[in-house]
Amino acid sequence: MDDFESFEVVYAFVRTVPAGKVVTYGQIAEEIATVRLTARMVGTAMRYAPVDVPWQRVVGAEGSLPIAKRSPEMYRVQRDLLEKEGVAFLSQDSPRVDMRRCQWHYLEPSQGNLFDE
DNA sequence: CCGCTGACTCGCG
DNA sequence: ACGCGAGCCAGCG
């Protein structure tokens with residue numbers, strides 16, 4: 001899988017996501033305007049991500065972990081990595097990241113301080 | 001060129 | 001809340 005030159009921009013983007021924060025597949029596809037991407041393609045890019053790319057910080061819409069359906073082992077790995085970096089999950093059984101606290105925004109989230117915490 | 005395949009997402013029952 | 005089907009589009013045989 002060395003033909004995915006366009007995936008480099010995706011990897012570069014993911015490398016900017018700080019530990020403890022996450023972004024979604026759709027968000028990446030949306031925020032990278034230099035190349036046309038779909039969430040599915042971002043998924044493929046993550047599957048073949050180089051070792052220096054924190055792939056675990058890319059999650060599904062609403063904080064889900066889409067890999068869970070295809071591979072329970074990978075789900076466990078991703079969840080462990082995220083919890084180790086301090087990412088909060090909504091509950092033990094529900095595999096959902098607390099997006100309100102952990103989603104990382106490349107652009108300004110908005111001008112208003114939302115609910116804060 | 002055609003058809004199938006996804007670390008996805010959204011809308012509907 | 002949850003499964004299902006449809007849309008998505010670059011790669012690959």
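Order of the sequence lines sets the chain letters (A, B, ...), proteins ahead of strands, with each chain counted from 1. In what follows, every heavy atom counts, from backbone to side chain, and hydrogens, waters and symmetry copies are set aside.
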Can you list, pair by pair, the side-chain donor-acceptor contacts under 3.5 Å of residues 66-75 of chain A, counting residues two or more places apart and other chains?
{"unit_1": "S71(A)", "atom_1": "OG", "unit_2": "E73(A)", "atom_2": "OE1", "d": "3.0"}
{"unit_1": "S71(A)", "atom_1": "OG", "unit_2": "M74(A)", "atom_2": "N", "d": "3.1"}
{"unit_1": "Y75(A)", "atom_1": "OH", "unit_2": "R79(A)", "atom_2": "NH1", "d": "3.0"}

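- Linking ILVMFWY side-chain heavy atoms closer than 4.5 Å, directly or via other members, places L90(A) and W104(A) in two distinct hydrophobic clusters.
- The minimum heavy-atom distance linking L37(A) with A29(A) is given by the pair O-CB, 3.7 Å.
- Within 6.0 Å of CD in E30(A) there are 12 or fewer heavy atoms belonging to other residues, nucleotides or ligands.
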Inset, instruction - Sugar-phosphate means primed atoms, P, OP1 and OP2; the rest is base. With that split, encode nucleotides 6-13 of chain B 5' to 3' as B, S or - using protein heavy atoms under 4.0 Å. - result: BBBSS---
Legend entry - Test side chain to side chain contact (heavy atoms under 4.5 Å, CB included) applied to E62(A) and M99(A), step by step: CA-CA 7 Å; E62(A) 307 300 309; M99(A) 295 302 270; 5.9 Å; no
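- Counting non-hydrogen atoms of other residues, nucleotides and ligands closer than 6.0 Å to CZ of R36(A) gives a total of 12 or fewer.
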Which atoms of nucleotides 2-4 of chain C (N or O only) lie under 3.5 Å from a protein N or O atom, and what are those distances?
none

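- Between E85(A) and K21(A), none of the side-chain N atoms (NZ, or NE/NH1/NH2) sits under 4.0 Å from a carboxylate O, so this pair counts as no salt bridge.
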